Amino acid sequence: MPELPEVEGVVRSLAPAASGRTIRDIAVSDTVIQSKSEAKEAILKNISAEEFAERMRGMTITDVTRRSKYIYFHLEKNGETFLLVSHLGMSGAWFAVNDIDEVKEEKFRRHIHVIFGMEDGGLLAFADIRRFGELRLIGEESDHPPLLAMAPEPFDESAAGHFLSLCRTAKYAGKPIKETIMDGKVISGCGNIYATEALFRTGIHPVRKTGRISMERLERLFAEIRQVLGEAIEAGGSSISDYRNINGEAGGMQNRLRMYGRKGCPDCGAETKRVTIAGRTSVYCPKCQH
DNA sequence: TACTGATCCCGGTTGC
DNA sequence: TGCAACCGGGATCAG
């Protein structure tokens, strides 16, 4: 499951691999075309496969950046600029190759849904096993309001203040802290893995009401989230199931996670417990987290 | 108006 | 071995 550090890894390799290249043609998988014909929004959002291919043709990729868990392809065509916003969902991956056969893992290769053929002959391929990912072609961020509602980047100076002030609002004070920190309007890019890890590191119980946590502990929690996200970026992300970078490599952070997916607490040895919060499984140590 | 809950997008994994 | 239930990030929409 790609979260912010995994997306950061993708962008760091995609930016040099894709920038400056121009798209010659687009191929969309039969699977996606079939889904679109049934009026489903599989991967391609708010656009038909034909129109997507038509509009993308001739676009030059000027840069690739990250915003929260979204990948922004900055595009230019005939003096006009566009944004292709890509989310990896649960199992999305980008590959920069010269031939589809270079995508070594079959489970990704057989789920390649959009291929950008470049004028230089190379390919950028978007694979997505479960098709929860998305590609959305817009003019600018404001064309898709949810993008404007996202919290500041966690490494921005304003992020801690934004988080702390929202914690004291009526809307979030009554929610479990885990639900609050996983809300993209509160903190950008903190998904289940890193939320679980940061709560363990600060000894905070995931179900504890946000409003019942002191400002001091909330400040420490935010610092720990930033810390664990930074560590994960350095480690190349966590490959829990389906994360791969654009060269098909898994990350190394999963080996350094101390609570996510664990049966026993690494500090006290107690059996970990799991609870469902906002529809997602949370693991915690009943002795160390309060 | 603002918020909540349901629904949808899916195939790999798990458990019977 | 086969199959049904389960899982989940985010958008959207009904209420």
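In what follows, chains carry the letters A, B, and so on, assigned in the order in which the sequence lines appear, proteins first and then strands, with residues in each chain numbered from 1. What you see below is based on every heavy atom in this structure, not just the backbone, and it leaves out hydrogens, waters and symmetry mates. All of these numbers come straight from a predicted model, not from anything done at the bench.
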(request) Report the distance from atom CZ of Phe108(A) to atom C1' of dC10(B), rounded to the nearest whole Å. (result) 15 Å
Check residues 25-33 of chain A and write down every donor-acceptor pair under 3.5 Å in which the side-chain atom is one partner and the other belongs to a residue at least two apart or another chain.
| unit_1 | atom_1 | unit_2 | atom_2 | d |
| --- | --- | --- | --- | --- |
| Ser29(A) | OG | Val32(A) | N | 3.2 |
| Ser29(A) | OG | His113(A) | ND1 | 2.8 |

(message) Closest-nucleotide mapping onto DNA chain B: is Ile43(A) or Arg110(A) further toward the 5' terminus? I mean the 5' end.
(response) Ile43(A)
(message) I need the CG-P distance between Leu135(A) and dC9(B), as an integer number of Å.
(response) 18 Å
Can you list, pair by pair, the side-chain donor-acceptor contacts under 3.5 Å of residues 81-90 of chain A, counting residues two or more places apart and other chains?
| unit_1 | atom_1 | unit_2 | atom_2 | d |
| --- | --- | --- | --- | --- |
| Ser86(A) | OG | Trp94(A) | NE1 | 3.2 |
| His87(A) | ND1 | Gly89(A) | N | 2.8 |

(request) Indicate yes or no for a side-chain donor-acceptor contact from Lys36(A) to the backbone of Glu50(A) under 3.5 Å, with no hydrogens or angles considered. (result) no
(request) Send over the distance from Lys36(A) NZ to dC9(B) P, rounded to a whole Å. (result) 12 Å
(request) State plainly whether the residues Arg66(A) and Glu153(A) are in salt-bridge range, i.e. N to O under 4.0 Å. (result) yes
(message) Please report the distance, rounded to the nearest Å, between CG in Leu88(A) and P in dG11(B).
(response) 18 Å
(message) Which residues pass the side-chain contact (heavy atoms from CB on, under 4.5 Å) test with Ser142(A), not counting sequence neighbours?
(response) Glu140(A), Leu148(A)
(request) Using a cut-off of strictly less than 4.0 Å, decide whether His111(A) has a side-chain nitrogen or oxygen near OP1 or OP2 of dG12(B). (result) yes
(request) Grab the CG-P distance between Asp128(A) and dG11(B) for me, whole Å please. (result) 10 Å
(message) Can you pull out every ring-ring contact (aromatic ring centres under 6.0 Å, His included) where at least one residue sits in residues 182-229 of chain A? Sequence neighbours excluded, please.
(response) Phe163(A)-Phe222(A), His205(A)-Tyr284(A)
(message) If I take atom NZ in residue Lys175(A) and atom C1' in nucleotide dA2(B), what distance separates them, rounded to the nearest angstrom?
(response) 12 Å
(request) List for me each residue that meets side-chain contact (heavy atoms from CB on, under 4.5 Å) alongside Leu123(A), sequence neighbours excluded, and say none if there are none. (result) Val97(A), Ile100(A), Ile115(A)
(message) Under the rule for side-chain hydrogen bond (donor to acceptor under 3.5 Å, both in side chains), what residues qualify as partners of Glu197(A), not counting sequence neighbours?
(response) none
(request) For the helix from dC3(B)-dG15(C) to dC16(B)-dG2(C), figure out the bend between the end axes, five pairs an end, and round to 10 degrees. (result) 50°
Show which side-chain atoms of residues 268-276 of chain A pair as donor or acceptor with protein atoms under 3.5 Å away, not counting sequence neighbours.
| unit_1 | atom_1 | unit_2 | atom_2 | d |
| --- | --- | --- | --- | --- |
| Thr272(A) | OG1 | Arg262(A) | O | 2.7 |
| Thr272(A) | OG1 | Lys263(A) | O | 3.1 |

(request) Nearest whole angstrom, please: distance from the C1' of dC8(B) to the CZ of Arg131(A). (result) 13 Å
(message) Between P on dT4(B) and CD1 on Ile277(A), what's the gap in Å once rounded to a whole number?
(response) 16 Å
(request) For each nucleotide in nucleotides 2-15 of chain C, reading 5' to 3', give B when a protein heavy atom comes within less than 4.0 Å of its base, S when such contact involves only the sugar-phosphate, and - otherwise. (result) -----BBBSSS---
